[in-house]
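These numbers come from a predicted model, not from an experiment.
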Amino acid sequence: MTRTKTLATSLLGLSAAALFAFTSAGGASATSASPDTKEVPQTVSATLQTSGVADYWTPERMRSAIPGDVLAQKALERGGKTTSRADVVQGLSTKIAGKAGKGKPSLHTDEAPVSHIGKVFFTLGGANYVCSGNSVTSANESTVSTAGHCLNEGPGAFATNFVFVPAYLNGAAPYGKWTARALYTTTQWSSGGDIQYDTGFAVVSPLNGQTLADTVGASGVEFNAARGLTYKAFGYPAASPFDGQSLKACSGTAVNDTINPGGTTQGIPCDMTGGSSGGPWFIGTGSGGYQNSINSYGYGSRSTTMYGPYWGSVIQQAYNNASAN
C-alpha cells in the first residue's frame with residue numbers, strides 16, 4: 001500500500017553553508033509528465049545517450065568524483081522556490097511490493113554490501129559527481145531511486161554519463177555498471193530547487209540481457225505513509241571523514257525539521273556526509289523494508305541529523321512515470 005503527505009514549506013532561509021545534501025549525466029531533452037494538481041505538470045524527464053557511458057567511468061574517475069551535496073548547495077544559492085502546504089495534494093496510501101534479489105558513539109554503522117543499494121555517478125556542468133541510489137520495484141524492472149539533486153541542477157540541466165553501480169565496494173562493481181537511458185524528477189525540484197521534493201528516478205538499460213531487478217533485486221516502495229516512522233537509511237558517504245568506498249547506515253525515528261519548521265521533510269539521527277545523497281530510507285530496521293524516502297540534506301559539515309523528503313503524491317507521480325518508461 002502507499003501513503004502520502006506533503007512536502008511544502010519555505011527552506012529559503014537556509015544558507016548554502018548551513019545546508020549540505022548527499023549527489024547525474026548528459027545530452028538530455030526535457031519532457032513533462034501527467035499533471036497531478038490543477039493541470040500543472042508534476043514530473044520532468046530527460047532522455048540520455050547511453051553509448052560509451054559505462055566505459056567512461058573508470059575506477060580512477062569513480063574514486064575522484066565529487067560528493068553531490070555541493071549540487072544541493074548550488075540549488076539553494078540560486079534561490080529555489082518552495083511550495084505552500086496547501087498546494088500539495090495528499091493521495092491514497094499506496095504500497096507496491098518488491099522483488100527478492102540474487103544475491104557505537106557514532107551515529108552510523110558499517111554495513112556489508114547490499115545487492116540492490118549502490119553508488120550513482122554522473123556528469124553535470126562539466127564535473128563528475130557521486131551520490132547513492134537503490135533499485136526499486138517497477139513495471140520496467142529497471143528503476144533506480146536517488147536524490148533530485150543527483151540528476152538535475154534544481155533548477156537547471158539534467159545530468160549526463162549517469163550510471164548505477166550496485167553493491168559497490170572499494171572500487172569493485174560486482175554487478176556491473178548500469179547506464180541510465182532516462183531521468184525523472186519532480187517539477188518542483190527541476191524548476192525551483194524545492195528541497196521538499198528532492199527525489200529523482202533513473203531508468204537504466206539492460207545489462208548482459210538482464211534487467212536490473214532480475215539481477216540485484218528491487219525494493220518495495222511506499223508513498224503517503226504515516227509520519228514519525230522508524231527508518232534505516234543507507235548510503236555511501238564520501239566527504240570527510242568518510243571515503244565513499246563502503247556502505248554505511250543510520251537508524252532512528254523520524255522527526256520534523258525544527259530548524260526550518262513548517263515543511264514536510266523529516267530527519268533521523270545520522271552523521272553521514274556528502275556522497276550519501278540519494279541513499280534509500282527503509283521503513284523498519286533493515287534493507288528489506290519498503291523504501292519511503294532518500295538522504296537529502298543536513299545542517300553544517302558535522303550534522304548529526306539526516307533529513308529526507310516526504311514521499312507524497314507528487315513524488316509518487318515521478319515514480320509512476322519512471323516505472324512505466
Side-chain angles (χ1 to χ4, degrees), residues 21-28 46-71 103 113-136 142-153 157-185 200-213 215-216 234-239 242-248 273-280 294-295 322:
F22 313 102
T23 125
S24 273
T47 301
L48 305 183
Q49 294 181 345
T50 59
S51 178
V53 172
D55 291 336
Y56 174 82
W57 287 105
T58 62
E60 293 73 23
R61 283 194 172 115
M62 289 193 289
R63 285 184 180 275
S64 62
I66 303 165
D69 56 298
V70 300
L71 298 172
V114 176
S115 65
H116 50 83
I117 302 172
K119 300 184 76 166
V120 296
F121 298 91
F122 57 94
T123 303
L124 201 55
N128 292 330
Y129 294 94
V130 60
C131 284
S132 301
N134 183 50
S135 170
V136 292
S142 302
T143 299
V144 176
S145 65
T146 189
H149 68 263
C150 298
L151 50 72
N152 180 276
E153 289 180 303
F158 275 91
T160 58
N161 296 329
F162 190 106
V163 297
F164 174 57
V165 184
Y168 177 100
L169 179 64
N170 295 322
Y175 295 99
K177 292 175 279 190
W178 298 75
T179 303
R181 58 182 176 82
L183 303 175
Y184 290 78
T185 190
F201 299 93
V203 179
V204 298
S205 298
L207 186 62
N208 300 322
Q210 299 294 312
T211 65
L212 178 64
T215 304
V216 303
F234 291 80
Y236 284 85
F242 303 94
D243 63 7
Q245 296 306 302
S246 60
L247 187 64
K248 311 295 181 185
T273 61
S276 63
S277 290
I294 53 93
N295 298 323

Can you tell me how far OH of Tyr175 sits from OG of Ser115, rounded to the nearest 0.5 angstrom? 5.0 Å
Spatial distance of atom NZ (Lys177) from atom CZ (Phe162) [nearest 0.5 Å]: 14.5 Å
Between the OH atom in Tyr184 and the OG1 atom in Thr143, the distance rounded to the nearest 0.5 Å is 8.5 Å
Write down the atom of Ala127, the atom of Ile66, and the distance for their closest heavy-atom approach. CB-CD1, 4.2 Å
Judged by atom type as modelled, is there a donor-acceptor pair below 3.5 Å linking the side chain of Glu153 to the main-chain atoms of Leu71? no
Tell me if a side-chain donor or acceptor on Thr47 pairs with a main-chain N or O of Ala182 at a distance below 3.5 Å. no
Could you tell me whether the side chain of Phe164 reaches within less than 4.5 Å of the side chain of Thr146, counting heavy atoms only? no
Might you point out which heavy atoms bring Ser145 and Val136 nearest each other, and give the distance in Å? OG-CG1, 3.7 Å
Looking only at non-hydrogen atoms, find the nearest pair between Leu207 and Gly176 and report the distance. CD2-CA, 4.0 Å
What heavy-atom pair brings Leu169 and Ser246 nearest, and what distance separates the two atoms? CD1-CB, 3.8 Å
Is it possible for you to check whether Arg61 lies under 6.0 Å from the centre of the six-membered ring of Phe121, through NZ or CZ, and within 45° of that ring's axis? no
Considering non-hydrogen atoms only, spot the tightest contact between Gly244 and Tyr236 and give its length. O-CD2, 3.8 Å
Taking the side chain as everything from C-beta on, heavy atoms only, tell me whether Arg181 gets closer than 4.5 Å to Thr50. yes
Would you say that Lys119 contacts Met62 through its side chain, given a criterion of any heavy-atom pair below 4.5 Å between the two side chains? no
Does either side chain, that of Thr123 or that of Asn128, offer a donor lying less than 3.5 Å from an acceptor on the other one? yes
How many angstroms lie between CD1 in Ile294 and OG in Ser132, if you round to the nearest 0.5 Å? 10.0 Å
First locate atom OG1 of Thr273, then atom CG of Asp243, and finally report the distance between them rounded to the nearest 0.5 Å. 9.5 Å
If you take all heavy atoms of Ser142 and Leu212, which pair is closest and at what distance? CA-CB, 4.2 Å
Checking side chain to side chain contact (heavy atoms under 4.5 Å, CB included) between Tyr129 and each of Asn161, Leu151, Leu124, which is the one that passes? Leu124
Does any non-hydrogen side-chain atom of Ile117 lie less than 4.5 Å from one of Leu247? yes
Would you give the length of the straight line joining atom CZ of Phe201 to atom CG of Leu183, rounded to the nearest 0.5 angstrom? 12.0 Å
Assess whether side-chain contact (heavy atoms from CB on, under 4.5 Å) is satisfied between Phe234 and Lys248, documenting all intermediate values. CA-CA 6 Å; Phe234 291 80; Lys248 311 295 181 185; over 6 Å; no
